[in-house]
Amino acid sequence: MSAAASLSVFAVELAYWQQTAIKLVVVAIVIPTAALILGYVFLLKMMSFMQSRLGPMEAGPHGSLQLLADGLKFLQKEDVFPRRADRAVFALAPAVVLISTFLLYVVLPMGPDAVVSGLDAGLFFALAVASLSVIGVLMAGWGSANKYALMGGMRAAGQLIAYELPLVLAVMGVVIQAGTLDLNKIVVAQATGELFGWGGIGFPFILTQFVGFAIFLVAVQAELTQPPFDMPVAESELVGGYQVEYTGFRFLFFFMAEFGTAFAFAGIASVLFLGGWYVPGFDVDSNWLNLVGPIVMFVKIMAVSALIFWFRFTFPRLREDQLQKFAWKVLIPLSLLNIVMTGIFKVFV
Amino acid sequence: MGVTARTMLRTLFPDGLTKPPSPTRGAHTVQYPHVKEEPVTRARGVIGLHHDNCTVCMLCARECPDWCIYIEGHKELAPPRRPGGKPRQRNKIDRFDIDYALCMYCGICVEVCPFDALFWSPEFEYSEPRIADLLHDADRLADWMDTVPEFEGYEAGSTQKKRAVPQ
Amino acid sequence: MTFTEREQQAYVDAASADARVNVELETEGMTLNIGPQHPATHGTLRIVARLDGEQVVAAEPVMGYMHRGYEKLAEVRTYPQVTTLINRIDWLGSFANEVPFILAAERLMDIEAPPRAQWIRTALFELSRIANISLFLGDMGVQLGALTPVFFAFRDREFVLNQIEAVTGGRFHPNFDRIGGLKDDLPAGWIAETKSVMAKMRGFCDELEDLLMGNEIFEARTRGVGVIPDHVAASFGLSGANLRAAGVDWDMRRDNPCGLAYESLDWKVWTHPDGDSFARYWVRLQETREATYMVEQLLDGLPSGPIMAKVPRIIKVPAGEAYVATENPLGVMGYYVVSKGELAPFRVKIRSASFSNISVVPWVLRGVYVPDVITILASLYFILGDIDR
């Protein structure tokens, strides 16, 4: 279960340091690329079309290089620190947020062997590192020495903690059904499952876990601080919340982390609920899935992200207290109920 | 969510779902430097000056709410209409400047002109990197006359007379 | 509880909240400056809010950052020149600003515009109402975090502005109203086109009803938020949709239609009993739709004839005083014109709607959460030029 095996389709064997280097490079490339693709396809283009406009059209064909140009602009900007800011904390915060995104990609499987590190408790690891970003956001809010940023940071902390719970509980149903925390084994469980005795397309867990899927998507929306749960940034109230004092490449870090995390969470959602990299007709252990799998995953990730961003462009945002109420009074009881139902299903069916 | 999805489809496929997508026509925006929006006939874009009609009466300069028209003139003798007659006295423009950095585009000058010397043109592309260049002199204003469109007709029931632009 | 008692009670509450914060939790309350540069203030309104956590203990609007002194400027301009100035007061519904001033001047001169001019005036008045309020309908969404409605608003408002431009020549600053009538008549083909635009605007209203008002989150954010009961609304001098959303059935168009053709139309004044942000949004949406029907009726029944009464070439308004108020998009707007029989008015006092409407802000913002501050400010719908003049 390593890159060595994943590359065996090309019949190459690599040393450990070579594998590590390749993994590092791949992850380092994947995150900005993912952020660029999501940003361009959804933020720039889908949103524009939903609003009867075209979006950027000048940089590259149909504006496809616009985000690269933006990134270049951010890199050129002066690195500004507010005078009263806690410099170390202020400077470190975007990096902390970005690292949490990096770590998410460690366990995201793109094929039976195409995974940076297939941990046995991969799902647990993913959810754990995802909540690391809270620390970065709090640091940003506190370090900026700005009232709006502080309020944004506090809101973000409250919100991310409140939505960590439904996120975990929502995936419990999948874990109960699959009987494992390993993301790859969850895919295998879906691939080898049978739909009323017919194994043609396997058994994507969304069929039984659609409640879990819905809760997961809502909680992801809140984790990403996107509308309707974007109170920590809330540009019309807090003028950007914890990001208010950031410019240049530090702001770029936040931007990349947001979209990189969106990509990763869409990936986890497609692994958990939509059957992951598995393509009906292939053998589950087939090496070809290492090549076809990433493409299938990419399509599924784009579908899930389209849903996430569609919410984003349509809904107004909730108020902070309404959001907490929604988490504790609706989502958590619902996901607990979902777990109970899954348990009954597992035992009796 | 239905509304946003419908709008997206309408933008992407202005001719219906079976035709190829064409967002450039589906969108309501105009890609400005490449495509120019056609302003309406009455649009107040820039003022054109018809030199022959101006008698340097200064009415426009006086009525301007922020006094952005600068006029200087002198009297000169023109040849008589009929041979043997007395030479006519005529006012000649030395200077007729409109400062578009000050202009509020109210149209009072065009309206008060008793001799039909000022006209609105819908042209709008005359921004300048230097603010001083926004002061258009008499020649520049005369050039704008070429872009003045014909007056349009009136809706039924109107008793207004249609005016004509001097050529 | 009478109003003063409530005021005192609120003061005691605020003081005790401060004490609670300072003594029991041993932390200080926070004073937050919302504005003058803040996306929720549509310009440069500053609101000094004293916070206890995320709760507003006291809030005070500070205005004047955009004061341009129109009342004083009007004293050194002739009557025809004043109209170009005053249509910059409420820059979104600018034609509506000119009408009350012209009506006041006409009353002083004892002139009445011919019927055709009055009908076209009313039609343009309602068009500027649609252009103004349609932007509010989208902007409310953006204040609540929904990105899309405002683009719909800009898209569809453009059609209305094009129609206004086709008649007046100016998208934002028409300067079309004259003492004794109008500057020009309607261009050919305008009526048919405007009717199709009105159908589009009704489609826009339906779309927003679906996209925003039918949305549970929007309802959760606006229902019961910023409730202004009818007696408070009346005592603070609120007007327009803010007052009608509090259940007060008062509309200058119906109750005092001077010089405009509202009496010959078949229309309805919309009110809502709740007085909260949702009611204000609802009333404005209904008014926009009602206005589209009114414009259609006006264009159908347009009388023929001249558009200008007999007016001297140099306008000197006889000495006297006149006050005329009309129901502008934002509320009641009035001009008190004092003339000494000269070319320029001696004194012009402008009663603008937004200035009175935001006077309720300290009352209504007490005890709400910070996000609700934005909801309430957005739903009160002020325009900075209309506050500061």
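- With a 4.5 Å cut-off on non-hydrogen atoms, C:Arg171 does not touch chain B at all.
- Under a 4.0 Å N-O distance rule, the pair C:Arg178/B:Glu111 qualifies as a salt bridge.
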- Task: Before giving the answer on side-chain contact (heavy atoms from CB on, under 4.5 Å), spell out for C:Val167 and B:Arg42 the whole-Å C-alpha distance, their side-chain angles and the decisive distance to 0.1 Å.
- Result: CA-CA 7 Å; C:Val167 181; B:Arg42 285 189 187 179; 4.1 Å; yes
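- Ranked by heavy-atom pairs shorter than 4.5 Å toward chain B, the options C:Arg116, C:Glu165, C:His173 are led by C:Arg116.
- Between chain B and the residues C:Leu208, C:Val82, C:Asn87, C:Ile191, the most heavy-atom pairs under 4.5 angstrom are made by C:Ile191.
- For C:Thr83, no part lies near chain B; criterion is any non-hydrogen pair under 4.5 Å.
- Between the C:Arg77 side chain and the B:Asp66 main chain, no donor and acceptor come within less than 3.5 Å of each other.
- Between chain B and the residues C:Ala188, C:Ser304, C:Ala166, the most heavy-atom pairs under 4.5 angstrom are made by C:Ala188.
- Contacts with chain C were tallied for B:Pro39, B:Pro122, B:Cys64, B:Gly45; B:Cys64 has the most, counting heavy-atom pairs under 4.5 Å.
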Test side-chain contact (heavy atoms from CB on, under 4.5 Å) on B:Tyr105 and C:Thr84; report intermediate values, then the result.
CA-CA 9 Å; B:Tyr105 298 87; C:Thr84 73; over 6 Å; no
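- With a 4.5 Å cut-off on non-hydrogen atoms, C:Phe159 touches chain B through its side chain but not through its backbone.
- Heavy-atom minimum distance, C:Asp185 versus B:Tyr154: CB-CD2, 3.5 Å.
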